Number of protein chains: 2
Amino acid sequence: MSREMSGEDDFIARHFAPIAGQGALGLRDDAALIEPPPGRDLVVTTDAVVAGVHFFPDDAPDDIARKALRVNLSDLAAKGATPLGFVMTLALPRDHGDAWGDTWAARFAQALGEDARAFACPLLGGDTVSTPGPLSISITALGSVAKGRMVRRDGARAGDWLFVTGTIGDAALGLAIIKGEAGAALAREEKQALIDRYRRPQPRVALKNALVEYAHAAMDVSDGLVGDVTKMLQLAELGATIEASAIPLSPAAQTLVAAERGLLARALTGGDDYEIVCAVPDDACEKFVAAAREANVAVTRLARIEAGTEVRFLDDEGRAMFFAQPSWSHV
Amino acid sequence: MSREMSGEDDFIARHFAPIAGQGALGLRDDAALIEPPPGRDLVVTTDAVVAGVHFFPDDAPDDIARKALRVNLSDLAAKGATPLGFVMTLALPRDHGDAWGDTWAARFAQALGEDARAFACPLLGGDTVSTPGPLSISITALGSVAKGRMVRRDGARAGDWLFVTGTIGDAALGLAIIKGEAGAALAREEKQALIDRYRRPQPRVALKNALVEYAHAAMDVSDGLVGDVTKMLQLAELGATIEASAIPLSPAAQTLVAAERGLLARALTGGDDYEIVCAVPDDACEKFVAAAREANVAVTRLARIEAGTEVRFLDDEGRAMFFAQPSWSHV
């Protein structure tokens, strides 16, 4: 890590060196050293999270750490890549002596280390800077995939089936609950479950081999299902007609949407799902579903991918749905 | 790049897709794809720059772009690595419609693209987010080096000679001039030359092969020569006695230091040099100097590296110099 703050070396040695991987060289060099697995391609992704934009400044430090890493692991998973490690720049608000000091950093680093172990994605290096602005974390994650086998976003073909993992909209509804804009219809545990989906994305890393084996295209759903599916199919100049009733919702989300119809659009466009949407050829669907089951990742078939460039969503009465804002904007 | 701002896709397509490298997949996928050069190790480094901390918010967008990339190229150079490419997260202040809008972005991206070509380090991907805080740019640069040959920071041995590239202190004195704290003794062009060294680091990428071939250890000088040399030698549990008169200063820096003696400490501890300090064994010095000359990088021999852990700096009268703050703190 670079040295930029008084005592930064000590700060790093205390909190981050213990969770660093072998290639990090104890976080005491200018750079990390990686031996790329022979015969494999490298996959590199980067995502930043900013307090007040992607998370709340008073969120627990362990939730912030996990979110910062997991949004990147979600991208690797969507590409079918096996994590190799990550580097991080941590911009700490200038008053870090108090709010973002040792107590905060210890919890942040411990959770980051737990996730790094759980997902076999070690910390390789980073940079700690001070900022007059909000806490910001930028992570670059590296992964590897068999040569030529990265699952691209633009590879869908007409006749493929569109699949999605897990359930959609939980995080967006969880955020609505945090903001006091929804949730009256739910029990406390149900509300908490949705809030947890917002605070702790679950990257679908376990699906990576099934994607490499069977999917023509994939992307992670981070900005809302509607916008992301549209984006993926438009890249291939294809379309689809998706019935809202086919979209997997958790029981809590179903209750909310039933109680307040406007929340369906929020669930489908709100973002932060960190599920994976993918295109699987007709003759591979059975094997894909079996592989997903073996990986313990729920997958749901949404629609057939068709020629044409229209991506339509239909409500329960078969009417086309219109979305004021198909993709979530954090701005 | 991830989509997080209204119109971000268009923004990226307009400004950054044209400067992206092949592995960037048009910046339309979740991740970049790199075929690592066979038989080589990967070197990964990351550095962030924040407006008001590492540069001035009203610095020219092309200077900001170059600095953000070059501080990372400097780390790769110090490790002897050949650049492969970089990813970037760009956190734009929320009022980007005006101050950080298309005009700003066009100049930023053009300069970034010019540097990416000049240093053969293409843009591979990134993330654009909005922030309630200052403009911040975090770059992760990837490079490659022959297997097992990365030049480490901790490899110095007793009897090696300490070398440094270029001249030391120009950027720190340039910053002092910008702040109105120095410069009365200089002509306008001399002041500008020092300011340019602050605003436009010159990473010593050309020295990389000489370092791999001949250096036992190296690091880039980003936080001041005094602190960085001390850090490098302490990692190897070694020492050195460096005469200040042996440290290479530019003519403008010499004039300033002669006019105001206190500025010498500022030059030696002020940081932002982005030169390289390295340890070269006695029997390789001649070849190293020849290789550096061939690479068109000036190098100066500073001192012999010795057993013991004391790193001392002596003034012109042979007295030990003491520094209130051996490393620059941006905080």
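Because the structure is predicted, anything quoted here is derived from the model rather than measured. Letters A, B, ... mirror the listed sequences (proteins, then strands); counts begin at 1. Only heavy atoms go into these numbers, but all of them, side chains included; no hydrogens, no water, no symmetry mates.
Closest approach of A:Thr46 to B:Gly126, counting heavy atoms only: CG2-CA, 3.4 Å. Considering every non-hydrogen atom in both B:Pro132 and A:Val50, the closest pair reads CD-CG1, 4.1 Å. Summarising the geometry of A:Ala48 relative to B:Asp127, their closest heavy-atom pair is N-OD2, 2.9 Å, with the distance given to 0.1 Å. Here the closest non-hydrogen pair linking B:Ala31 and A:Thr45 is CB-CB, 3.9 Å. The minimum heavy-atom distance between B:Val87 and A:Val44, with the atom names listed, is CG1-CG1, 3.9 Å. Smallest separation of non-hydrogen atoms from A:Asp29 and B:Arg153: OD2-N, 2.8 Å.
Side chain of B:Thr89 to backbone of A:Ser138: no donor-acceptor contact under 3.5 angstrom is found. Checked by atom type and distance alone, the side chain of B:Asp30 pairs as donor or acceptor with a backbone atom of A:Asp220 at under 3.5 Å.
The distance from atom CG of B:Leu33 to atom CG of A:Asp41, rounded to the nearest 0.5 Å, is 5.0 Å. To the nearest 0.5 Å, the span separating CZ on A:Arg152 from CZ on B:Arg28 amounts to 9.0 Å.
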Next item on the list: Begin with the C-alpha distance, continue with both residues' side-chain angles, and end with the deciding distance and a verdict on side-chain contact (heavy atoms from CB on, under 4.5 Å) for B:Ile139 and A:Thr140.
Entry: CA-CA 9 Å; B:Ile139 282 182; A:Thr140 300; over 6 Å; no
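With contacts defined as side-chain heavy-atom distances shorter than 4.5 Å, the pair B:Leu42/A:Leu42 qualifies.
B:Ala51 touches chain A through its backbone: at least one of N, CA, C or O sits under 4.5 Å from a heavy atom, while the side chain does not. Interface remark: A:Ala218 contributes backbone atoms only to the contact with chain B (heavy atom separation under 4.5 Å). Contacts of A:Leu90 with chain B are absent, with no heavy-atom separation under 4.5 Å from either backbone or side chain. For A:Met219, the parts sitting under 4.5 Å from any heavy atom of chain B are the backbone and the side chain alike. Both the backbone and the side chain of A:Val43 come within less than 4.5 Å of a heavy atom in chain B.
The most heavy-atom pairs under 4.5 Å with chain B, out of A:Arg40, A:Glu35, A:Lys147, come from A:Glu35. If you tally non-hydrogen atom pairs under 4.5 Å between each of B:Leu25, B:Leu124, B:Asp154, B:Val71 and chain A, the highest count goes to B:Leu25.
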